[in-house]
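Below you'll find the structure, written out as structure tokens, and then a few comments.
Numbers here are sequence positions counted from 1.
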Amino acid sequence: MEKNPKNPDGPGFCGSHGSAEELQLYIGQKLDIIGQLAGGISHNFNNQLTGIMGFANLICLRADNENIKKFAEEIIGICKNAGDMVRELLTFARYRPVTASAQNVHNAIVTIANLLGNSIDKRIVIKTDFAAEQHTVFADAVQLQSSLLNLALNSKDAMPTGGTLTFSTRHVPAGAEGAEAAPYGYVRIEVLDTGTGISDNVKPRLFEPFFTTKAQGHAGLGLAAVHGLVKSMNGSIKVESEEGKGASVVMLLPAHAAVQGDECQGQAAKREAGAAKKKTGGTILLVDDDKGIRDSISAFLRSDGYSVFTADDGLDAVEKYGNTGGASIDLVILDMVMPRLGGKDAFVKMKEVNPAIKAIGITGFTNHRVEELMGLGMKRILHKPFAFEELSSVIAEYI
């Protein structure tokens, strides 16, 4: 049996080089390692992103210079993208629960096209061809956008001297193109490029985890993650390409019976509703072991009209909450992973002081058991990094 050249003691990759059972064991072992590493670093990394994002939010609120505000907004956008990357890795490593909902495929493509338009080689022309009248699917928003981005970045890499990248959609009736039957048919998404194409010996391995033709340092998870999303949705994916003649990747995703509409308008309405609901005033105990997070969030909350006390770990929080009897603190914002005493145990102890305590949990570790924490009486769980606008909206629900 031919061995994996990067791991001569492990099994072969696939096909005649090893049995299906050996391949599954090999992949499973690697996923477990990635999961442990990703889970271990996610908390600290998301803490750093939250601090950076927090201070950028403060710059947006306080700067008079429009250029400076624009730079700060770019920082916020980068932090959000970095947070999405962490969530994608944790999802692939089975450390993040998938949250599926109705997703407008056209809006997702526009988001990715705009992102690429500001970041890739200007010699690459990006086009869209939206022919699907029914273009909603039931998927995890982060996974859907990440899949589109992965396909687009592969196309970009295949066009080092420029070319055309085209996103197209159309609706496919149920049972067509070899896909399994779906009540509402399929949304057909094609990502087409005019690049260097794919060789015949590479095609069979495109969706293998950890297989990559790119330079050392690339994990080779992108197309495997796309394949995983498509299969989890009971869809299909195929690649057509010839060397020197570009490549086409086609996904068939089951259409969802949602009413089509302008998602941007819907989000604008939510923001307006949140702004109308927002009220300030009240006392908040902010608990986090990261100084940058404490400083940025407390500065924002004070500028928003709240009185803020801070604590740097769970024991400190329990002591300060106990000294007040809990009656004078309207809301506790509580990090979940801290030295000496974690957020869950600290919340339980504070609840003994005041059974009517109101608390919002914040965490950079995405596999926290949200249902368990909510069952204990915690009002909400926010995952780091989060925007101040989101935090402000949640606080307004409980004060």
Is there a donor-acceptor pair under 3.5 Å between the side chain of [X] and the backbone N or O of [Y]?
X	Y	answer
Arg123	Met159	no
Ser298	Arg294	yes
Asp193	Leu165	no
Ser241	Ile198	yes
Arg188	Val172	no
Asp316	Asp312	yes
Lys320	Thr310	yes
His256	Gln134	no
Ser392	Phe388	no

Would you give the length of the straight line joining atom [atom1] of [X] to atom [atom2] of [Y], rounded to the nearest 0.5 angstrom?
X	Y	atom1	atom2	answer
His106	Phe167	NE2	CZ	12.5 Å
Arg302	Ile284	CZ	CD1	10.0 Å
Cys60	Glu73	SG	CD	4.5 Å
Lys379	Met374	NZ	CE	9.0 Å
Asn57	Ile75	CG	CD1	10.5 Å
Phe71	Asn65	CZ	CG	8.0 Å

How about [X] and [Y]: does a side-chain donor come under 3.5 Å of a side-chain acceptor?
X	Y	result
Ser248	Glu190	yes
Asp129	Ser168	no
His383	Thr363	no

Establish whether [X] and [Y] are linked, either directly or via other cluster members, by ILVMFWY side-chain heavy-atom contacts under 4.5 Å.
X	Y	value
Leu382	Val308	yes
Leu229	Phe138	no
Phe130	Leu253	yes
Val105	Leu116	yes
Tyr184	Ile189	no

Closest contact, heavy atoms only, [X] versus [Y]:
X	Y	answer
Ala359	Leu331	N-CD1, 4.0 Å
Ala299	Leu58	CB-CD1, 3.8 Å
Ala72	Ile59	CB-CG2, 3.7 Å
Pro254	Asn234	CG-O, 3.9 Å
Ala108	Gln145	CB-CG, 4.2 Å
Gly282	Ile399	CA-CG2, 4.3 Å

Legend entry - Pair Glu243 + Lys245, salt bridge at N-O below 4.0 Å: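 Here Glu243 does not pair with Lys245 in a salt bridge, since their nearest N and O are not under 4.0 Å apart.
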Legend entry - Short N-O contact, Glu133 and Arg170, less than 4.0 angstrom: no
Legend entry - Full working for side-chain hydrogen bond (donor to acceptor under 3.5 Å, both in side chains) between Asn354 and Tyr321: CA-CA 9 Å; Asn354 176 19; Tyr321 193 81; 3.0 Å; yes
Legend entry - Verdict with supporting geometry, Ile126 and Thr164, side chain to side chain contact (heavy atoms under 4.5 Å, CB included): CA-CA 6 Å; Ile126 301 173; Thr164 302; over 6 Å; no
Inset, instruction - Step through the shown structure and confirm whether more than 12 heavy atoms of other residues, nucleotides or ligands are within 6.0 Å of CZ on Phe55. - result: yes
Using residues 338-353 as the side-chain source, report each donor-acceptor pair under 3.5 Å to any protein atom, sequence neighbours left out, with the distance given to one decimal.
{"unit_1": "Arg340", "atom_1": "NE", "unit_2": "Asp313", "atom_2": "OD2", "d": "2.8"}
{"unit_1": "Arg340", "atom_1": "NH2", "unit_2": "Asp313", "atom_2": "OD1", "d": "3.3"}
{"unit_1": "Arg340", "atom_1": "NH2", "unit_2": "Asp313", "atom_2": "OD2", "d": "3.1"}
{"unit_1": "Lys344", "atom_1": "NZ", "unit_2": "Glu372", "atom_2": "OE2", "d": "2.4"}
{"unit_1": "Lys351", "atom_1": "NZ", "unit_2": "Leu376", "atom_2": "O", "d": "2.5"}

Inset, instruction - Identify the residue among Thr50, Ile76, Ile293 that makes a side-chain contact (heavy atoms from CB on, under 4.5 Å) with Pro385. - result: Thr50
Legend entry - Reference residue Lys384; test side-chain contact (heavy atoms from CB on, under 4.5 Å); the match among Asp335, Asp290, Leu49: Asp335
